[in-house]
K.L.:
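Before we start, here is the structure in question, set down as C-alpha cells.
Computed from a prediction, not measured in an experiment: that's the story for all the values here. Below, each value reflects all heavy atoms present in this structure, side chains not excepted, and no hydrogens, waters or symmetry copies. In this chain, numbering begins with 1 at the start of the sequence shown.
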Amino acid sequence: MGNPRVLSGIQPTADSFHLGNYLGAVKQWVDMQDTHETLYCVVDLHAITVPYDPQTLRRRTRVAAAQLFAAGLDPERCILFVQSQVQEHAELAWVLSCLTGFGEASRMTQFKDKSAKGGVDSASVGLFTYPMLMAADILLYQADQVPVGEDQRQHLELTRDLAQRFNTRFGPTFVVPGPYILPEVAKITDLQDPAIKMSKSASTPQGIIDVLEDPVSIRRKVMRAVTDADGEVRADEAAKPGVTNLLRIYSALAGEPVASLEQRYSGSGYGAFKKDLAEVVVDAFAPIRERTEKLLANEAELDRLLAVGAARAHSVAAATMARVRDHIGFLPLASFPPA
C-alpha cells in the first residue's frame with residue numbers, strides 16, 4: 001500500500017510568506033514529501049473572494065509559487081500547481097454547491113467572521129461559497145488526509161459530509177478525507193504584541209518577520225522585539241510571553257529544545273540571546289530568499305514548472321470529474337472538430 005495522499009493550499013495574498021506561515025505550514029509541507037503523496041496548490045480562486053487588484057494577484061501568485069519551490073518543494077517529489085490552471089476546481093465546486101443546504105453554508109463560522117468586518121451586505125457570494133470550493137479542491141484529488149488548523153476544521157467536516165452525501169446519492173465516487181494533524185508547532189506571536197498571533201492582517205510591520213525580508217530589517221526587528229524587565233531568558237507563557245515567543249522561534253528554526261536554550265543563555269541577558277536569534281532567522285531565510293529571487297528572475301522557467309504541475313494535477317482531477325459527470329447525469333464532454 002502506498003503513502004497516503006495529502007492536499008493542501010496557500011493563498012497568494014501577500015508579497016511574502018511570514019515566519020508563522022513558514023513554521024506552521026511550508027516547512028512541514030517540505031517534510032511531508034518523504035511520508036506522503038503530496039499535492040500543493042496556490043489557491044488563487046480563493047483569493048478573489050475579497051476585493052483585489054488583478055496585477056497584484058498575478059505577481060503574488062508567482063511569488064508564492066517561487067517561495068514554495070525555494071523552500072524545498074521538489075517538482076519531482078510533489079505536485080505543485082496554481083488552482084485556477086485546473087478548471088475542474090470551479091466545475092466541482094458548482095456541483096458541490098448544489099448539494100449544500102443554504103442553512104448548512106450559513107453556519108460556517110469563517111464566513112461569519114470575515115463578513116462581520118465589512119458587513120454581510122458587502123460580502124461576496126464567493127466568500128459565502130468558499131467552503132464548497134475548498135471541498136472541491138480536496139475531493140478532486142481523492143485526498144486521504146488534509147492538514148488543517150482549528151480555523152479550517154469546520155470546513156473539513158463539511159467536505160467529509162459532502163463526500164458522504166454524494167457517495168450515498170450517486171454511488172461511490174469520492175474518498176472521504178480525514179484530518180492530518182501536523183506535528184505540534186507552537187503558536188508564533190507578534191514580536192511587538194505577544195498576545196496576538198503573528199498575522200498579515202493583525203500584526204504591525206514591526207511585529208512580523210517575512211521570509212523574503214532583508215537581513216538588516218530582520219536583525220532590527222528581532223533586537224527590538226518586546227521582552228520584559230528582568231533580563232532572564234526562560235519560558236513562562238503568563239509572565240514572560242515575549243521571551244517565550246522568541247524561544248519558540250529559536251527552537252523551531254534551530255531544532256534545539258527550549259530547555260537547552262534556557263540553559264545556554266542563563267545569566268547572559270537578552271542582548272546576546274537576541275543577537276544570536278537574529279542570525280538564526282537570517283541564516284534560515286537567506287537561501288530561500290536567494291532561490292526565490294532567482295526563480296522570479298526567470299519567469300518563463302517558473303511558469304513552465306507550474307504548467308507541468310498543472311498538467312499532472314489535471315490528469316488526476318479530470319479522471320475524478322469524468323466520474324462525477326457520469327454519476328450525476330451530465331452528457332460526456334463534447335469533442336469539437338478542428339476549425
Side-chain angles (χ1 to χ4, degrees), residues 7-13 39-54 56-58 60-61 64 81-143 146-170 173-177 179 201 310 313-314 316-318 320-325 327-330:
L7 180 287
S8 198
I10 194 163
Q11 286 202 38
T13 52
L39 296 99
Y40 301 122
C41 61
V42 180
V43 289
D44 55 342
L45 293 178
H46 288 289
I48 68 171
T49 58
V50 295
Y52 72 99
D53 173 71
T56 300
L57 174 63
R58 189 174 293 115
R60 286 178 170 175
T61 299
F81 65 101
V82 174
Q83 183 187 28
S84 66
Q85 293 185 327
V86 182
Q87 296 180 356
E88 286 82 3
H89 286 258
E91 185 179 5
L92 182 56
W94 173 253
V95 173
L96 296 179
S97 293
C98 295
L99 286 176
T100 307
F102 182 81
E104 188 175 32
S106 300
R107 290 191 289 274
M108 296 292 107
T109 56
Q110 193 170 88
F111 173 76
K112 293 178 183 179
D113 294 343
K114 289 187 175 182
S115 62
K117 294 178 182 178
V120 173
D121 289 343
S122 64
S124 71
V125 174
L127 184 63
F128 184 70
T129 58
Y130 180 113
M132 284 67 90
L133 177 56
M134 179 177 164
D137 298 337
I138 297 164
L139 298 180
L140 268 179
Y141 299 100
Q142 308 291 357
V146 183
V148 288
E150 281 305 315
D151 60 334
Q152 296 290 347
R153 193 173 293 274
Q154 188 186 34
H155 290 174
L156 179 58
E157 285 305 310
L158 176 64
T159 301
R160 288 171 53 82
D161 289 344
L162 290 174
Q164 291 166 337
R165 188 174 305 162
F166 191 102
N167 291 348
T168 298
R169 189 172 302 178
F170 300 109
T173 308
F174 296 119
V175 170
V176 179
S201 59
H314 171 72
V316 180
T320 297
M321 204 61 220
R323 295 177 64 194
V324 170
R325 293 176 62 85
H327 287 186
I328 63 177
F330 286 171

K.L.:
State, to 0.1 Å, how close Ala143 and Val175 come at their nearest heavy-atom pair, and which atoms those are.
P.N.:
O-CG1, 3.5 Å

K.L.:
So how far is it from Arg165 CZ to Thr100 OG1, rounded to the nearest 0.5 Å?
P.N.:
6.0 Å

K.L.:
Using the ring-ring contact (aromatic ring centres under 6.0 Å, His included) criterion, which residues pair with His314? Sequence neighbours excluded.
P.N.:
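Partners of His314 under the ring-ring contact (aromatic ring centres under 6.0 Å, His included) test: none.
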
K.L.:
Just verifying a value: how many Å separate Leu133 CG and Thr49 OG1, rounded to the nearest 0.5 Å?
P.N.:
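The OG1 atom of Thr49 is 9.0 Å from CG of Leu133, to the nearest 0.5 Å.
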
K.L.:
Can you find a pair of side-chain heavy atoms, one from Phe166 and one from Ile328, that are under 4.5 Å apart?
P.N.:
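Yes; the side chains approach each other to less than 4.5 Å.
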
K.L.:
Hey, could you give me the CG/CG distance between Leu162 and Leu96, rounded to the nearest 0.5 Å?
P.N.:
5.5 Å

K.L.:
Please find the pair of heavy atoms, one from Tyr141 and one from Ala313, that lie closest to each other, and give the distance.
P.N.:
CE2-O, 3.3 Å

K.L.:
Atom CD in Glu88, atom OG1 in Thr320: separation rounded to 0.5 Å?
P.N.:
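Here the rounded value is 9.0 Å.
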
K.L.:
Using only atom types and a distance under 3.5 Å, with no angle test, would you say the side chain of Thr129 pairs donor to acceptor with the backbone of Met132?
P.N.:
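Such a contact is absent between Thr129 side chain and Met132 backbone.
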
K.L.:
Would you compute the distance between atom CE of Met134 and atom CD of Gln83 and round it to the nearest 0.5 angstrom?
P.N.:
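Spacing of CE (Met134) from CD (Gln83) equals 11.0 Å.
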
K.L.:
If every non-hydrogen atom of His155 is compared with every non-hydrogen atom of Pro131, which pair is closest and at what distance?
P.N.:
NE2-CG, 3.5 Å

K.L.:
Heavy atoms, side chains only, cut-off 4.5 Å: are Val146 and Thr159 in contact?
P.N.:
no

K.L.:
Of all the heavy-atom pairs spanning Ala136 and Ala93, show the shortest one and how long it is.
P.N.:
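That would be CB-N, 3.6 Å.
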
K.L.:
Can a donor-acceptor pair be found, under 3.5 Å and without considering hydrogens, that links the side chain of Asn167 to the backbone of Phe174?
P.N.:
yes

K.L.:
Between Val50 and Thr13, is any pair of side-chain heavy atoms under 4.5 Å apart?
P.N.:
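They are not in side-chain contact.
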
K.L.:
Please round to the nearest 0.5 Å and tell me the distance separating atom CZ of Arg107 and atom CD of Gln154.
P.N.:
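These two atoms lie 9.0 Å from each other.
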
K.L.:
Counting N and O atoms only, with roles assigned by atom type, does the side chain of Gln142 sit under 3.5 Å from a partner on the main chain of Val316, one being a donor and the other an acceptor?
P.N.:
no

K.L.:
Shortest non-hydrogen contact from Ala317 to Leu140?
P.N.:
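Heavy atoms only, the tightest pair is O-CD2, 3.7 Å.
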
